Every structure is written in C-alpha cells, then in structure tokens.
Novice: 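Have a look at this one before I ask anything.
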Amino acid sequence: MSDAIRRELPKVYEPAAVEKRIYALWQDGGYFGARPFAKNEDGSARKPFTIVIPPPNVTGQLHMGHALDETWQDVLIRFKRMQGFETLWVPGTDHAGIATQIKLEEHLRKTEGLTRYDLGREKFVERVWEWKREYGSRIVEQLKSLGSSCDWSRERFTMDEGLSRAVREVFVRLYEKGLIYKGNRIINWCPMCRTALSDAEVEYSEKLGHLWHIRYPVKDSDEYLVVATTRPETMLGDTAVAVNPEDKRYSHLIGKTVILPLVGRELPIIADEYVDMEFGTGCVKITPCHDPNDFEVGKRHGLEEVLVLDEKAVVNENGGVYQGLERYEARKKIVEDLEKGGYLVKVEDHNHNVGECYRCGNTVEPITSDQWFVKMKPLAGPAVEIVKSGKIKFVPERFTKNYINWMEGTRDWCISRQLWWGHRIPAFYCDDCGHMHVSREDITECEKCGSVNIRQDEDVLDTWFSSALWPFSTLGWPDRTDDLDYFFPTDVLVTGYDIIGFWVSRMIFSSVEHMGKEPFHTVLIHGLVRDAQGRKMSKSLGNGIDPMEVIEYYGADALRMALLIGNSPGNDMRFSDEKIESMRNFANKLWNASRYVLMNLSIDEIKLPETLRPEDKWILSRYNELVGEVTSNMEKYEIGLAAQKLYEFLWETYCDWYIELTKQRLYSGGDDKRNAEKVLAYVLAGTLKLLHPFMPFITEEIWQSLPGEKTALIVAKWPEYDCSLDFADIEGDVESVMSAIRLIRNRRAEMNVPPSKKASVQLLTEKREIFESMMDSFCRLAYASEVVFLDSPPAELRGYTTAATDDTRIFIPMSQLVDAQKEIERLERELARAEKDLQAVSRKLQNEGFLTKAPAEVVASEREKEKSIISVIEKIKENLEALR
RNA sequence: GGAGGCAUAGCUCAGCUGGGAGAGCACCUGCCCCACACGCAGGGGGUCACAGGUUCAAGUCCUGUUGUCUCCACCA
C-alpha cells in the first residue's frame, strides 16, 4: 500500500480526497474514545486530560467562531493524546431555548402560516424535537469535517435524560437551600419573544430619542414640578415624584402631592438620594413597575405599584383610556394629549441607551413580573475566591479581572422564561389549597391537602441554567460515575471572551456549589474572528465566511492553520482569502517535501545512521531545538507561536536548506545516500508529529506512507528534547558555509547572473575543512563550476567580485560582468555599513555599566559579535586595497 | 461613569521571562534548477503612536497624552 501511494502521490495536495478517509481511519481505530482509569503499558496509571466542548446550538451551523474554538481545543487534545494522556473531549449540543424556539416559529410562520399558539404547547414542543432530530446532526458532521477528535460515544445534549435530571437536581437543591426563590420583581421583558430575560441577555445600544419635559401640577397650589422622561407612556404607572433630600428648591414640597396629568391620580412628592440634583430639573417621576431604579425607590418608600403594560407591551386596564394601545402608539397619543392639555413644557433630542433582546433585537421593557431567581450573593463569593486562590487561571491573565468584576457586580439571576422549549421548572401548584411543591419527581397529589388538582409551573429555565452544569452533568452527575471520578475536574475550557458572563462564571459557581471543586483549572480565552475589514462576521451583514466552504475548497488543515498561526489568546483576528491561501500553500509545501523524500527512500525503517555528516548534525540540532520550543509553547498555550515556528522550520530550515544540502548525496547512491535518507526521514517524521495537532489530516496521510511505522500518527509519541541530538558545536561551521552560499547568491543576483551560468569560486578560508566536507552541496547551491582554495588572495583583483564573512574571503572571477570602479564603490558601502555596526557594539563594550552589570553571557556574545564584525571589516578592507 | 484591549514594514499581524526588529501578503529583480510556479534565489521598505521615567540596556516594565475598539454600569 505504501509503495502504491508513494508512486501515485499527486503533485498538488488534494485535501478533499484525503480527509474523509483519514477521519474514518481514526474513528475505526477507536482513537477518540477515552477510558476512565486507563493504564499505561507498564501498568502505571494514565493521567486524564479533559475538555468539554462549548456546546453549539443544536440546530445551528458551524461558523468561523466555532471553527476557531474547536480548532484550539483539538490542538490541545491531540497534543496531550500524543503525550500519553488519557484524553477525553466531550462533545455535545445545547438546546438553546430562545434561539431554537424563534427559529422554529419563523419556520412555521413561513411554511405553514402558523404561530406556536395555533399549535399549542405540546404539539409545538413535539415539532421542536422533530426539528432537532432533523438538523441536530448537521453541526456534529461539520465538527467532524474540521477534524475534531471528540469522543462521539459520549455526545450529550442539554435536554437529554441525564442532563435534565442534573438540571432538576440542581434546581431542587438550590431551592431547598433558599438560593432559588420566586418573587414579583422587576425584570427585562421582551414583548416579541414574550418572555423574561436575564440581565446578561439584554444588549444596550445608543439611540437618538427624545426627552419630554412634563409639568405635574402641585395639588392645591399654583406651583408645579417639571419631570423629564424618555418614555412618556410609563407615566400611566407613576406613583410618586422624587426629589433629592438636599435640594433646597423643592424641600418645601416634600410630603405634598402632585396631580398626574391625563390620569388625575395624586402622587406623593418624596425625597430620595437616588435623584441627581444636577440632571434635568432635579425631579424624577417614579414608575416602580417599569423602571429598575424606580422599583427600588418604590420598595424603599412603600409606593403603590401600577403595572400598565401587558406581555405584548400593550397598555392594560390600568391605562384608562389608553388601554389597548401598543407602547409606541400610546406614547404618541399621550404626547399629543399632554400638549393639548398644556402639560408639555418642551421636547429635546436625547441620546440614550436602549436595551435590546439579544436574540430578536427588539426593545425590551422593564416590567414587574412573577419570576424565579437565583440568589447570587452566596454563590458569587466562593466563585470569586476560587479564582483569586489560583485554582482557576485565565489565559490571558487579564480576563481574571473581567470575570471578578462580573461576578461581584452581578445581581440575582432571573432564570424563568415564558417559553415552551426548555427544561420545565419543577414547581407544582395545588389549585385547591395553593400550596407549592418543588420536587425531584413529578407530583400528582398535593402533599398538603391531598388534592389531585395539581399543575406544573408553565415556565422553563434559562438555557444557561443547564449549560452552567455542563462540565459535570456531561460526565454523569448527579450519579457518581467512573467518568466523573476520573475525568473531573476537567482541565482546560476554551471559549471566547464574549461569554465569560453568560457561561464561564456560571459554570464556576455551579461547580463550586455542587461539586465543591473548580470545573477546570484553566480558561483559555480567544477573540472573535472578523472579516478582512475587521468587521464582526454576521448574518445580517452577509460578510460571514462559511468554514465548510473553506474546508471544501482549501482543506481543513489549511483552515486550521489559518485560524491558529500568529493568533494570540484573547485577541481578535481577521480572516482573509490571502491567509487561507498561504496556508493552503504551506500544506502543499509539506506535501511536496514529503513526496520528494518518499520518492527517494529506499530504507524500510526510520532510524538515524551511525555516521552523521555536518549538515545532518545541523538539521538534527535545529530539529531538536524546535521540539523543545514547540513543546514549551504548547504547554503555555502559545499555540500561534508554536504554529509559526513549525511553519518556518519546515519551509525554510528543512526544505530550503536541508533538502537542498542533501540532494547531491541522494543522486550519488551508496551509504552516503542511505544515511541522508535516514536523516531526511527521521526529521520529516518528527516534524509530522509536531505538526499533527495543527494539521491532522495531511500529516496522518503522509505518515501512513512512511516506512516502518505501524501505529497511526494520532497516537504516536510526542517527541521529547534529546540531548544526544544537540550538536551546537557544529552548527556554527555549517552556518559558515551557508553564509558563504548566501553571499555568493547575493553577488550573482545583483549582477543578474542566471543560475545556469556557473562560475569558479575561490576561497581563502579559516574553515577549509567544513567547506571540503560539504563541497558537492556548496557547488550546487552557490552555482560554482569549481572551488579553488587559496593560501593568499589573488595577485590581481580586477575582474573579480568579492565578499567576506568573518572567517572566509570569497573571490569570483567574472571579468565580463565586473566593473572595477563599481565594485570599489559597492565595497565601500559595505564597509561603511559594517563600521556602523561595529560602532554600536563597541560603544556597548566600552560602557562600564554594561560590562559590570549585564549578565556575563550577554557580554560574551557582544564580544563575539565585535570580533566577527572586525574580522569582516578587515577582509573587506583587504579586498578594497587589492582593487585600488 | 467604571474596566480593559489595541497603536510595530503599503496591508494583516507575531514578538513568551527587557539585550538580533520579524512573518505572511503586496512590491521590485532574476529563474519552469530532475519535490513543489500553491514554487526557487535575491532585494527594497519600519524614530516599534507621542511625551516622560526606571535600567548598563526598553517595541518589551512604569506614568501621562492622543487615537481606536471592546466589555460592564446606566441619570429620569
């Protein structure tokens, strides 16, 4: 098989043909599956490494944000798997309450002209399940085509049986501890979704509105107060007017009443610190049922609560003649009537922040309503502590502050939603005696009066209530399972900074509360993927790039690399065609380098040869350094850096230099050829391992063609830094030859000499030995027809072009191309440049402070540098002298 | 109002614990050299936003300024 592939490897890498086959190979091999309490071959316990996926919406489609998120996770999982950890990546999907419900409602409206109310709750929910069955696998398939090595046997859904049990258990526990309560409080209400929202689900955007100034006459007086409002319709629910207690302008009126225009209700004038004397007139109308601050004021002063809007934001029976008007119609009518009645003082343009539903985008109304809440204070404290203690680390570190601010500032969490799709609240009401049961099991009979007139609470829970439990509910909690014992706490959570409040914080306090432990030790935060212009990718802008199309056209590996390379945690990135193309090119480069090596391979086992030539030692040494650096980068989550180093090593070090340096040997045959093959294959194999977490498909495909290997690359052992491959002492020698080659190429390029025109090269060098041992390669790469070693410079330098490194003077006779005068000028420029460099170094070395305070190795390296520059300068000078 | 990010080559961005200013793309020159034109060789191009400070040494640490983006809070 491997011979066949070797011969048939196409010239251009074709990802589509490879990826499906390779993914099947991994799945059939069972490499994704994790076993609790697994043992190593020697019988020792294997360490677990666990990631739970941020569950995408079950009916959603993969977008670039997911692609980035999943790729980072897969890189970590594959890296740890190769390092010998028992890795578990738990996949799954979220029922996404509002999002999914809205999606289906839209679908129903478009295709059948029905609303959810036409169907009724039971039928509607059944339709959502059907929808889920139909589309739920789509995103899972998309994850697979990215290469995600999840343990699919453990796939979970937030509404499957086990997770629903966890949700119910948590609800009941918190209720029994008094940490969940039901109350009539002010909440954010979306009139389109007709549900309550949590604070986190409201997004604010600045909009130009108006500030209406309205006159409220003081009862039995000629005086009046002027209040300002951005929402005149809420005046129907006013139950007081407040002023600041320090405000001398109004102190005489405190305790009196005003008459509410259009309504006629008498409102007390109260004093409250909340009022800012500087803003507007210093008088505030108080509407406890429709403004969160007013609600607090109302509680402090025992004010009447008048709710004037219903669940569709239509004025209700408390709105008198305005009943039945939608909120904006009511606003218009009320403003007209105020004007007619002479109550309207003025109207100003006013920029203010309007809260919008994060799912449907409509303006939310603050209204009082019966809802369920999680009491946050007792939960937030320990959740802050566990982060401060260092048991959970954010990467990058700055997001710690972000988290702590969120946690400390958070108010009670409104968890009830007036939706149909979700976990129904396990509260049961007795219609006869009014008793409420909160129970783990469904109730059919009232525990208090025995009545069977029992109904369950209509509301469902906030989607995030179930995702908050994800790290342990997916492992079997509330049962005590092997998975839970072995894999929990999980290790790294990978997610975007945009859901720290929604999700990360809630997982942390939930885990601390119910598991008594942190859910993970590291939160790896990434930024958003933006388009080439830096805009957020969104459906409405139509600027989203579909990762599936990218995969189809360029391959999953190219997509992954494009998302990884040069990206650093917490920072947004731009995604562009150029980037993906350059990564496709990189994949192709790897492909062709491998194809070349495989074509030339006659060995049947990858093993280093007994004797190594200098360039072999050089590449092994460089490779070995790479192993150390990449491993250390990975451990510090510097994935983008690691990717970049691999890119450079493979392309520049391995392909552009090592492959070129060994070509002559491969053509020559014999032991020398076989030794070169061995080193080429060894380094290629090692690089494939290092690259595998980043580009799993192409590396596995190539790996399968390598001789002698039995196991799949996905479970190959991650390379370790190897002291026996450290040939630092010889690196300098090889670099000397490389420097000479570069200079010669440079000289030729400047004179536009084509590679086909070879020239004689004469060397006066301190390192004759290394040049001699690399003679064939040197000639090839320096386009030399012959190399002559000199003991002294040529007597006459006219007609030569020259160059110098710190150990070698190079003379190339090119009489027809070299103008002696121009050559002199060029050398003078070079000399000037070198002398400038020398000055900089010498200045440092003459600085007393530098010599005494800088680390010895830094001083030593500066001395080396000085010596080297001096040596180059001397040689340039000699060349110049000879020319003049 | 509070917090934070970013400001480095024409564009997009790396630069980890202070000591060489870098990559990709674009650009210029020359090359189809028996792995790759999705390529090879060579090259130009940067007061690392600005002003101070710490240090022998600062793109890298500290302070301030300007510009820009984001998150949180929300004053009617």
Side-chain angles (χ1 to χ4, degrees), chain A residues 9 11-13 199 204 211 227-231 234 242 274-276 278-287 291-294 350 352-353 355 396 398-399 401-402 405-406 409-410 497-498 500-501 527-528 532 534 554 558 562 565-568 570-579 581-600 629 632-633 636-638 640-641 643-644 647-648 655-656 659-660 663 667 741-742 745-756 780-781 783 844 847-855 857-859 861-862 865:
Chain A
L9 282 180
K11 204 166 155 178
V12 169
Y13 175 58
D199 294 339
Y204 291 88
L211 198 56
V227 299
T229 180
T230 52
R231 293 178 297 151
T234 62
Y274 152 71
V275 181
D276 179 354
E278 307 298 318
F279 189 90
T281 57
C283 302
V284 184
K285 63 192 266 308
I286 301 297
T287 321
D291 182 280
N293 290 306
D294 294 6
H350 182 67
H352 64 137
N353 279 331
R398 66 183 131 94
F399 289 100
K401 203 165 178 180
N402 185 323
N405 285 347
W406 193 92
T410 191
Y497 58 70
D498 50 335
I500 292 176
L528 305 176
Y554 294 101
I565 210 160
N567 191 350
S568 59
N571 289 349
D572 290 353
M573 65 171 306
R574 296 190 196 205
F575 195 88
S576 62
D577 292 345
E578 287 80 43
K579 194 155 192 176
E581 267 174 31
S582 72
M583 293 309 141
R584 184 267 320 262
N585 294 353
F586 177 64
N588 195 52
K589 186 72 182 179
L590 171 61
W591 182 253
N592 275 291
S594 308
R595 194 164 65 97
Y596 167 79
V597 171
L598 289 167
M599 274 183 338
N600 285 291
E629 286 178 27
S632 138
N633 286 143
K636 290 186 279 184
Y637 305 103
E638 293 164 356
L641 262 183
Q644 202 149 349
Y647 181 102
E648 278 169 29
C655 290
D656 292 346
I659 285 185
E660 296 303 328
K663 273 187 174 165
Y667 301 145
I741 291 169
R742 281 198 197 94
R745 284 172 174 175
N746 173 313
R747 300 276 53 246
R748 293 172 55 100
E750 273 180 26
M751 292 184 289
N752 287 338
V753 187
S756 51
R780 203 184 106 82
L781 300 184
Y783 314 107
K844 248 188 200 178
N847 182 335
E848 198 57 34
F850 176 74
L851 295 175
T852 55
K853 293 187 179 170
E857 71 228 41
V858 175
V859 177
S861 93
E862 288 299 312
K865 202 194 286 176

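Note that the coordinates shown come from a computational prediction; the quantities given were computed from them, not determined experimentally.
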Novice: What is the distance, rounded to the nearest whole Å, between atom CZ of A/Arg595 and atom P of B/rC38?
Specialist: 14 Å

Novice: Heavy atoms under 4.0 Å, any strand shown: does A/Glu660 hit a base, just sugar-phosphate, or nothing?
Specialist: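 Base contact.
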
Novice: If the cut-off is 4.0 Å, is A/Tyr783 near the phosphate of B/rG30, judged by side-chain N/O to OP1 or OP2?
Specialist: no

Novice: Any side-chain N or O of A/Lys401 less than 4.0 Å from the OP1 or OP2 oxygen of B/rG4?
Specialist: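 So the side chain of A/Lys401 is within the cut-off, an N or O lying under 4.0 Å from OP1 or OP2 of B/rG4.
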
Novice: Using the C1' atom as the reference point in each nucleotide, state the distance between B/rG44 and B/rG10 in Å, no decimals.
Specialist: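 The same atom, C1', in both gives a distance of 12 Å.
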
Novice: Let's test your reading of the model: under 3.5 Å, does the base of B/rC36 pair with the side chain of A/Asn588 as donor and acceptor?
Specialist: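 For A/Asn588, whose side chain was compared with the base of B/rC36, there is no donor-acceptor pair (under 3.5 Å).
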
Novice: May I ask you to verify if any side-chain N or O of A/Asn402 is less than 4.0 angstrom from the OP1 or OP2 atom of B/rU70?
Specialist: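 Negative; the distance criterion is not met.
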
Novice: Looking at A/Tyr13, is A/Lys589 sitting on its ring face, NZ or CZ under 6.0 Å from the six-membered ring centre and within 45 degrees of the normal?
Specialist: no

Novice: Ignoring backbone atoms, test whether A/Lys589 places a side-chain nitrogen or oxygen under 4.0 Å from the OP1 or OP2 oxygen of B/rC40.
Specialist: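 Affirmative; the distance criterion is met.
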
Novice: Measuring to OP1 and OP2 of B/rA37, would you say a side-chain N or O of A/Lys11 lies under 4.0 angstrom away?
Specialist: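 For B/rA37, OP1 or OP2 has a side-chain N or O of A/Lys11 closer than 4.0 Å.
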
Novice: Which nucleotide, if any, forms a Watson-Crick or G-U wobble pair with B/rG24, using both distances under 3.5 Å?
Specialist: B/rC11

Novice: Considering only atom P, compute the distance from B/rG4 to B/rG52 and round it to an integer number of Å.
Specialist: 25 Å

Novice: Regarding A/Gly566, tell me which of base, sugar-phosphate or nothing describes its non-hydrogen contacts under 4.0 Å with the strands shown.
Specialist: sugar-phosphate

Novice: When we call it a touch if two heavy atoms are under 4.0 Å apart, what does A/Asn847 touch: a base, just sugar-phosphate, or nothing?
Specialist: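 Sugar-phosphate: the residue A/Asn847, judged by heavy atoms under 4.0 Å, touches backbone atoms but no base.
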
Novice: To the nearest 0.5 angstrom, please state how far the CZ atom of A/Arg398 sits from the OH atom of A/Tyr497.
Specialist: 9.0 Å

Novice: Would you check if the side chain of A/Arg748 reaches a backbone N or O of A/Pro754 as a donor-acceptor pair within less than 3.5 Å?
Specialist: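 Yes.
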
Novice: Given B/rA14, is OP1 or OP2 found less than 4.0 Å from the side-chain N or O atoms of A/Ser568?
Specialist: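 Checking B/rA14 against A/Ser568, a side-chain N or O does come within under 4.0 Å of OP1 or OP2.
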
Novice: Which whole number of Å gives the distance between the C1' atom of B/rU8 and that of B/rG15?
Specialist: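 So the two C1' atoms sit 9 Å from each other.
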
Novice: Under 4.0 Å between any heavy atoms, over every strand shown, what does A/Val275 touch: base, sugar-phosphate, or nothing? Just pick one.
Specialist: base

Novice: Do A/Leu781 and A/Arg745 have side chains that approach each other closer than 4.5 Å (heavy atoms only, starting at C-beta)?
Specialist: yes

Novice: Strictly below 4.0 Å: does A/Lys285 bring a side-chain N or O up to OP1 or OP2 of B/rA76?
Specialist: no

Novice: Name the closest nucleotide to the A/Arg745 side chain, picking from B/rG19, B/rA41, B/rA35.
Specialist: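 So the side chain of A/Arg745 is nearest to B/rA41.
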
Novice: Mind checking who B/rU29 pairs with, Watson-Crick or G-U wobble, both distances under 3.5 Å?
Specialist: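 Pair assignment: B/rU29 / B/rA41.
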
Novice: Quantified in whole Å, what is the P atom distance between nucleotide B/rA3 and nucleotide B/rU65?
Specialist: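 Comparing P positions in B/rA3 and B/rU65 gives a spacing of 13 Å.
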
Novice: So, is A/Arg574 near the phosphate of B/rU12, with a side-chain N or O under 4.0 Å from OP1 or OP2?
Specialist: yes

Novice: Enter the distance from A/Met583:CE to A/Tyr554:OH here, rounded to the nearest 0.5 Å.
Specialist: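 OH of A/Tyr554 is found 12.5 Å from CE of A/Met583.
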
Novice: If you compare every side-chain N and O of A/Asn746 against the phosphate oxygens of B/rG43 (OP1, OP2), does one of them come in below 4.0 Å?
Specialist: yes

Novice: Is B/rU70 paired to anything, Watson-Crick or G-U wobble with both distances less than 3.5 Å, and if yes, which nucleotide?
Specialist: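 By the stated definition (distances under 3.5 Å), B/rA3 pairs with B/rU70.
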
Novice: Please state whether the phosphate of B/rG2, meaning OP1 or OP2, lies under 4.0 angstrom from any side-chain nitrogen or oxygen of A/Asn405.
Specialist: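 No, outside the criterion.
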
Novice: For B/rA14 and B/rG22, measure between their C1' atoms and round to the nearest Å.
Specialist: 8 Å

Novice: Taking atom C1' in both B/rU66 and B/rA23, what distance in whole Å separates the two?
Specialist: 29 Å

